[in-house]
Amino acid sequence: MTDQLSDRRPFSRVVLKLGGEMFGGGQVGVDPDVVSGVARQIAEVVGDGVQVAVVIGGGNFFRGAELNSRGMDRARADYMGMLGTVMNSLALQDFLEREHHLDTRVQTAISMGQVAEPYIPRRAERHLEKGRIVIFAAGMGMPYFSTDTTAAQRALEINAEVVLMAKAVDGVFDADPRVVPDAKMFAEITHREVLERGLQVADATAFSLCMDNAMPIIVFNLLTDGNIGKAVRGETIGTLVSTPRSL
């Protein structure tokens with residue numbers, strides 16, 4: 001018999017995972033209106049004293065798996081995807097600093113000193129302690145690892161309390177709600193259940209890593225204004241994915 005899932009609560013240090021496709025507004029490139037809206041929501045959360053780190057995908061530019069399916073070498077395609085995440089990160093940094101005057105640092109897993117710092121966990125924590133926003137770019141710096149897995153790994157390494165996984169759907173469903181109109185959304189579910197059911201929320205490596213280290217994930221709809229703040233404050237939105245700490 002397992003304990004109930006941990007209660008939702010306000011969080012003080014979070015990793016926000018953003019999909020690159022949303023940054024493009026469904027198109028190739030960056031949609032300034034979308035990035036501006038995301039920056040405003042992050043600014044509101046930071047204004048409340050929450051420490052925010054961000055991981056952004058690169059799907060609005062390149063998706064390694066898709067390029068690989070067209071015959072491109074998988075490792076090379078993944079590196080191209082990593083470069084796409086850097087472009088998204090620099091765009092978000094610009095909006096955060098220019099429109100909201102928030103100190104922001106981009107740290108990359110691939111060395112590119114002219115535009116960003118190298119990824120150094122202790123330095124990232126120090127930035128957060130000083131009230132700066134940290135954006136982790138270039139994924140894990142290695143092919144075959146998704147930015148979902150990057151978000152999980154970075155959250156563990158900087159001692160974040162939760163991974164906030166922003167999607168274009170309201171949470172975790174028992175079927176694809178875009179295909180099955182009466183699909184059921186879970187308010188709470190365990191990491192193991194997600195994996196065993198094969199629910200297409202994020203890649204299995206990310207969920208396994210979070211399960212093994214009891215890192216909760218909140219899956220929610222980024223397209224609903226104010227949802228980032230609601231997730232951080234512990235309000236009941238989206239789906240809480242967690243693993244009971246005791247058996």
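Here the structure is a predicted model, which is why all the values come from computation and not from measurement. By convention here, the first residue in the shown sequence is residue 1.
- The two atoms that bring Ala166 and Leu16 nearest to each other are CB-CD1, 4.4 Å, heavy atoms only.
- Looking at Val55 and Leu18, their side chains never come closer than 4.5 Å, going by heavy atoms from C-beta outward.
- Because its NZ or CZ atom is not both nearer than 6.0 Å to the ring centre of Phe11 and within 45° of the ring axis, Arg13 does not count as a cation-pi partner of that residue.
- Between Asp225 and Arg40, the closest side-chain pair of non-hydrogen atoms falls below 4.5 Å.
- Closest approach of Phe136 to Ala53, counting heavy atoms only: CE1-CB, 3.6 Å.
- Linking Ile, Leu, Val, Met, Phe, Trp and Tyr whenever their side-chain heavy atoms come within less than 4.5 Å leaves Tyr144 and Met82 in two separate clusters.
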Does Lys130 form a salt bridge (Lys or Arg N to Asp or Glu O under 4.0 Å) with Asp103? I'd like the steps, not just the answer. CA-CA 9 Å; Lys130 290 183 176 182; Asp103 286 339; over 6 Å; no
Verdict with reasoning, Asn88 to Asn60, per side-chain contact (heavy atoms from CB on, under 4.5 Å): CA-CA 9 Å; Asn88 284 335; Asn60 52 323; 2.8 Å; yes
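- With hydrogens and angles left out, the side-chain atoms of Asp170 and Asn221 include a donor and acceptor closer than 3.5 Å.
- Using a 4.5 Å heavy-atom cutoff, the side chains of Ile217 and Phe207 are in contact.
- Residue Arg126 places its CZ atom among 12 or fewer non-hydrogen atoms of other residues, nucleotides or ligands, all under 6.0 Å distant.
- The closest side-chain donor-acceptor pair between Glu117 and His127 falls under 3.5 angstrom.
- Heavy-atom contacts from other residues, nucleotides or ligands closer than 6.0 Å to CZ of Arg132 number more than 12.
- Using a 4.5 Å heavy-atom threshold, the side chains of Glu125 and Gln51 count as separate.
- A donor-acceptor contact under 3.5 angstrom links the side chains of Ser36 and Glu99, judged on distance only.
- The shortest distance between side-chain heavy atoms of Met140 and Arg154 falls below 4.5 Å.
- The closest side-chain heavy-atom distance from Met215 to Thr243 is not below 4.5 Å.
- At a threshold of 4.5 Å between side-chain heavy atoms, the hydrophobic network of Ile, Leu, Val, Met, Phe, Trp and Tyr places Leu128 and Ile56 in two separate groups.
- When every heavy atom of Gly139 is checked against every heavy atom of Ala109, the shortest pair comes out as O-CB, 3.4 Å.
- Nearest heavy atoms, Ile218 versus Val162: CG1-CG2, 4.1 Å.
- For the 3.5 Å distance criterion, the side chains of Gln153 and Thr150 fail to qualify, holding no donor opposite an acceptor.
- In this structure, Glu161 pairs ionically with Arg9, as a charged nitrogen and a carboxylate oxygen lie closer than 4.0 Å.
- Remark: Arg197 does not engage Asp174 in a salt bridge, criterion side-chain N to carboxylate O under 4.0 Å.
- Under the 4.5 Å side-chain contact rule for hydrophobic residues, Val115 and Val106 share a cluster.
- Listed here is the closest heavy atom pair of Ala160 and Val15: CB-CG2, 3.9 Å.
- Considering every non-hydrogen atom in both Thr104 and Gln93, the closest pair reads O-NE2, 3.0 Å.
- Leu164 places a side-chain heavy atom less than 4.5 Å from the side chain of Phe220.
- Using a 4.5 Å heavy-atom threshold, the side chains of Thr239 and Glu188 count as separate.
- Following chains of ILVMFWY side-chain contacts shorter than 4.5 Å, one cannot reach Leu83 starting from Tyr119, and the two form parts of different hydrophobic clusters.
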